[in-house]
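No hydrogens, no waters, no symmetry mates; every other heavy atom, side chains included, goes into these values.
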Amino acid sequence: MKSILTPLGPKADKDTVRRHNLSLVLRAVRDEGERGDATRAGVAARVGLTRAAVSSLVEQLMDSGFLTESGKTFSGQAGRPGTALKVARTGPAGLGVEINIDYVSVCVVDLAGTGRVRQTEHLDNRGASAEEALARAARLAARTLESACEQELRPVGAALALPGLVSGGAVRQAPNLGWNEVPAQELFADALAALRPGHPALPVASENEANLAALAELWFGGLGDVRSFLYLTGEIGVGGALVLNGELLRGAHGFAGEIGHVVVDPAGPECRCGSRGCLEQYAGQAALLRAAGIAGIGGASGVLELERRAAAKDPRAVAAIGEAGRMLGRVLSGAVNLVDPDAVVLGGIYRGLMPWLAPPADEELTGRVVSGLWSPGSGRLRASSVAGDAARGAAALVVQDVLDDPVAYAEPSGG
């Protein structure tokens, strides 16, 4: 039988190898910087290169504005102290833009992953066309870029976090926004470019907002050694994402994680997606507020009122959150049985509702997870970190590209 050979790529030349090694060194300094001061010797030991090679790479990264050095660091061992290396607080950065149903949030993240600028506007995007909503986001992004420039940051790309099915730069479907086949990347990029004449156009990428919130949780949250988890974010709808062994699972078409549209009851309320009895009709923001008897107050104000009533032991509020928790637990148990994650992380509006939401959800999971390895209070069901939000995840996605190939993002000569 004829064997099938996988075509091989071209042999790596010296330039390719050096670009790869620059990425290794930059990542090593960033990671070591989170634990303490990095040195050339420490980086060399970590990446498996000679100290001379690392010194040459460090000099190039410093000349290009990616690294800085300051003072001396002492290892406690014999020998001369090393010069402390850190990723630069100026220069290349990422711009993240989250467009949700009732707000737009924009942030800039530097190479260390630190959020440096944040601007948020609360508004109802459901009454606006896609073009208008994306133009609003572009205006907020333009103001954010001005603030970043004042801090000597240079965002090299933007990433959009969008609620719905996102593929190929377009929102295929976003039921809660009423969007279908919207070329979001193109519309946003054009609107931003029009607001910044004389500036080079920023490359724009896009991704589902739950996916980016999950990545932010992975990169910045308090997950410790957890590398496989299911992430749910509660907003107007219910979004989901799955991270396995530190990698986001996108699915064959990029639509994995749409847990909000898992059917709980086929005879249940009609959903904006066209189906009936979807999870978000029981555990989404609108369903929760309606069940709790909170009328005329939407968005963040409505959720805060729900929390206030639950804390005051209002029976209707507590019952509404408890029922949502039960529905979440039922749907989550199927997902846990299917993919066996280390943890389930609840974000968005669920974070503040955990005292009342988690017990019934945990009870359902305990009774329905077939492995018998789920028990209430085990810590496998947890609230997301405040550091894990979609806008920050979007900005950090851009930063990951810089870390992968710093040469491609070096300041142009004379720039």
Side-chain angles (χ1 to χ4, degrees), residues 23-39 42-43 45-48 75 86-87 94 109-115 207-208 210-234 239-251 256-257 259 328-329 332-348 350-351 354-355 357-359 361-362 365-366 368-390 392-397 399-400 403-404:
S23 173
L24 282 180
V25 170
L26 182 57
R27 286 184 177 276
V29 172
R30 185 203 58 170
D31 294 345
E32 289 293 330
E34 294 175 355
R35 294 183 286 269
D37 291 328
T39 63
V43 170
R46 179 169 182 181
V47 302
S75 65
K86 292 188 179 296
V87 293
V109 166
D110 65 19
L111 290 182
T114 305
E207 180 62 87
N208 172 267
N211 285 349
L212 291 171
L215 288 176
E217 191 67 27
L218 175 69
W219 293 330
F220 309 118
L223 290 174
D225 294 332
V226 170
R227 304 290 290 167
S228 296
F229 62 96
L230 181 61
Y231 182 92
L232 261 71
T233 177
L242 181 61
V243 174
L244 295 177
N245 297 320
E247 297 289 336
L248 182 68
L249 179 68
R250 287 186 168 85
I259 199 167
L328 279 170
L332 286 169
S333 65
V336 170
N337 284 333
L338 185 64
V339 299
D340 188 29
D342 292 319
V344 172
V345 181
L346 301 183
Y350 298 143
R351 185 189 303 117
M354 286 295 281
L357 192 76
D362 241 352
L365 283 157
T366 299
R368 297 174 184 273
V369 172
V370 296
S371 67
L373 297 178
W374 197 287
S375 58
S378 65
R380 292 184 71 184
L381 181 67
R382 59 179 73 184
S384 67
S385 163
V386 294
D389 70 276
R392 188 176 183 188
L397 198 64
V399 169
Q400 293 298 314
L403 297 173
D404 284 342

Determine whether [X] and [Y] make a side-chain contact, defined as any pair of heavy atoms from C-beta on separated by less than 4.5 Å.
X: S385; Y: F220; answer: no
X: R382; Y: F229; answer: no
X: L218; Y: R227; answer: yes
X: L332; Y: L232; answer: yes
X: L215; Y: L397; answer: yes
X: R46; Y: D31; answer: yes
X: V345; Y: V226; answer: no

Below 3.5 Å, can you tabulate the donor-acceptor pairs from side chains in residues 239-250 to any protein atom, sequence neighbours excluded?
from	atom 1	to	atom 2	distance (Å)
R250	NE	E207	OE1	2.7
R250	NH2	E207	OE1	2.8

With sequence neighbours excluded, tell me which residues meet side chain to side chain contact (heavy atoms under 4.5 Å, CB included) with [X].
X: R368; answer: R330, S333, E364
X: A361; answer: L381
X: L111; answer: F66, V87, P92, V399, V402

Minimal non-hydrogen separation, R351 against A383, with atom names = CG-CB, 4.1 Å
key: Minimum-distance pair of heavy atoms, taken over all atoms of A256 and G251   = CB-N, 3.7 Å
From [X] atom [atom1] to [Y] atom [atom2], the distance as rounded to the nearest 0.5 Å:
X: D389; Y: T233; atom1: CG; atom2: OG1; result: 9.5 Å
X: Y231; Y: L212; atom1: OH; atom2: CG; result: 10.5 Å
X: T366; Y: R380; atom1: OG1; atom2: CZ; result: 10.0 Å

request  = Could you point out which residue of L24, V25, L26 forms a side chain to side chain contact (heavy atoms under 4.5 Å, CB included) with V43?
outcome  = V25
ask   = Who are the salt bridge (Lys or Arg N to Asp or Glu O under 4.0 Å) partners of R27, not counting sequence neighbours?
value = D404
Could you tabulate the donor-acceptor pairs under 3.5 Å formed by side-chain atoms of residues 369-376, not counting sequence neighbours?
from	atom 1	to	atom 2	distance (Å)
S371	OG	L373	N	3.1
W374	NE1	D362	OD1	2.8

